[in-house]
Peer 1: 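Please see the structure below; I have some questions.
FYI, side chains are in, hydrogens and waters are out, and symmetry mates aren't considered; it's all heavy atoms of this structure.
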Amino acid sequence: MPKIISPLSDTDCRNLKFMQGGRAANRKRDGGGLFLEVMRTGRKVWRLEYRHAGKRNVATHPEDYPRTSLSGARRWRDDLQSKLADGIDPNQHAKAEEQARHAA
């Protein structure tokens, strides 16, 4: 039976704190591979787990929470999932765009 993940709310994101333990960061999942990761420093980072070409990968949003809201992170997730549906690896695509910006 698949694990059921309840969607995050903005209050959940705002109140999420780093919890001491064995991990370097704490995660709170939203669904569809999207999660908010709280680092030891208190920084909150949006990340997306995905599979491409049989390999597990993680993409990181360029802006942290609260600069990127929950709805903005969900739009980012949907955009990356559409790229994956077209056979494009989001991390490779982002690297290519960055290289093109530096070349220009």
Side-chain angles (χ1 to χ4, degrees):
M1 182 179 234
K3 184 177 177 181
I4 298 174
I5 299 171
S6 59
L8 289 171
S9 68
D10 191 54
T11 305
D12 293 333
C13 296
R14 194 173 34 250
N15 294 335
L16 191 60
K17 304 271 190 262
F18 179 77
M19 303 295 260
Q20 294 297 329
R23 297 173 78 179
N26 295 25
R27 295 177 177 177
K28 186 78 172 173
R29 296 191 176 277
D30 183 55
L34 180 67
F35 59 93
L36 184 59
E37 189 169 42
V38 182
M39 312 307 270
R40 285 187 189 272
T41 61
R43 181 177 168 215
K44 297 178 183 179
V45 181
W46 291 111
R47 298 191 194 270
L48 179 73
E49 278 185 329
Y50 66 93
R51 293 189 75 77
H52 182 73
K55 293 184 181 180
R56 184 177 154 255
N57 295 297
V58 177
T60 303
H61 194 283
E63 294 181 348
D64 298 346
Y65 178 85
R67 187 169 201 136
T68 298
S69 65
L70 177 59
S71 60
R74 287 176 176 160
R75 283 191 301 273
W76 174 71
R77 173 196 61 200
D78 295 341
D79 180 48
L80 293 188
Q81 286 178 341
S82 69
K83 284 184 172 105
L84 284 167
D86 293 338
I88 299 169
D89 183 341
N91 281 341
Q92 295 299 324
H93 182 71
K95 285 179 186 176
E97 284 183 341
E98 185 68 25
Q99 288 174 348
R101 269 195 298 259
H102 284 301

Peer 1: In the structure I gave you, are the side-chain heavy atoms of Pro90 and Trp76 within less than 4.5 Å of one another anywhere?
Peer 2: no
Peer 1: What's the shortest heavy-atom distance between Leu8 and Arg29, and which atoms?
Peer 2: CG-O, 3.7 Å
Peer 1: Given side chains that start at C-beta, do those of His102 and Glu97 come closer than 4.5 Å, heavy atoms only?
Peer 2: no
Peer 1: Got a second to check how far Leu80's CG is from His61's NE2, nearest 0.5 Å?
Peer 2: 8.5 Å
Peer 1: Would you say Tyr65 and Leu36 make side-chain contact, with heavy atoms under 4.5 Å?
Peer 2: yes
Peer 1: May I ask you to decide whether Glu98 forms a salt bridge with Arg101, counting only side-chain N to carboxylate O separations under 4.0 Å?
Peer 2: yes
Peer 1: Show the nearest heavy-atom pair for residues Tyr50 and Asn91, with the distance to one decimal.
Peer 2: OH-ND2, 3.1 Å
Peer 1: Using a strict cut-off of less than 4.0 Å between a Lys/Arg side-chain nitrogen and an Asp/Glu carboxylate oxygen, indicate whether Arg14 and Asp10 qualify as a salt bridge.
Peer 2: yes
Peer 1: Between Lys83 and Asp79, does the salt bridge (charged side-chain N to carboxylate O under 4.0 Å, His left out) criterion hold? Intermediate values first, please.
Peer 2: CA-CA 6 Å; Lys83 284 184 172 105; Asp79 180 48; 3.0 Å; yes
Peer 1: Is there a side-chain contact between Asn26 and Leu16 in this structure, where contact means two heavy atoms from C-beta onward sitting under 4.5 Å apart?
Peer 2: no
Peer 1: For atom NZ of Lys28, decide whether the heavy atoms of other residues, nucleotides or ligands shown that lie under 6.0 angstrom number more than 12.
Peer 2: no
Peer 1: Would you find a donor on one side and an acceptor on the other, under 3.5 Å apart, between the side chain of Gln81 and the backbone of Gly32?
Peer 2: yes
Peer 1: Look up atom CG in Leu70 and atom SG in Cys13, then write down how far apart they are to the nearest 0.5 Å.
Peer 2: 4.5 Å
Peer 1: Set out, in order, the CA-CA distance, both residues' side-chain angles and the distance that settles salt bridge (charged side-chain N to carboxylate O under 4.0 Å, His left out) for Asp30 and Arg77, then state yes or no.
Peer 2: CA-CA 10 Å; Asp30 183 55; Arg77 173 196 61 200; 3.4 Å; yes
Peer 1: Can you give me the closest heavy-atom contact between Ala73 and Thr68, atom names plus distance?
Peer 2: N-CG2, 3.7 Å
Peer 1: Hey, are Glu37 and Lys44 close enough for a salt bridge, meaning a charged N less than 4.0 Å from a carboxylate O?
Peer 2: no
Peer 1: Closer than 4.0 angstrom, basic N to acidic O: yes or no for Asp78 and Arg74?
Peer 2: no
Peer 1: Which atom names give the shortest non-hydrogen contact between Leu84 and His52, and what distance separates them?
Peer 2: CD2-ND1, 3.9 Å
Peer 1: If every non-hydrogen atom of Asp12 is compared with every non-hydrogen atom of Pro7, which pair is closest and at what distance?
Peer 2: OD2-O, 4.3 Å
Peer 1: Step by step, would you call Met39 with Val45 a side-chain contact (heavy atoms from CB on, under 4.5 Å)?
Peer 2: CA-CA 8 Å; Met39 312 307 270; Val45 181; 4.3 Å; yes
Peer 1: Could you report the tightest heavy-atom contact between Phe35 and Glu49, atom names first, then the distance?
Peer 2: CE2-CG, 3.6 Å
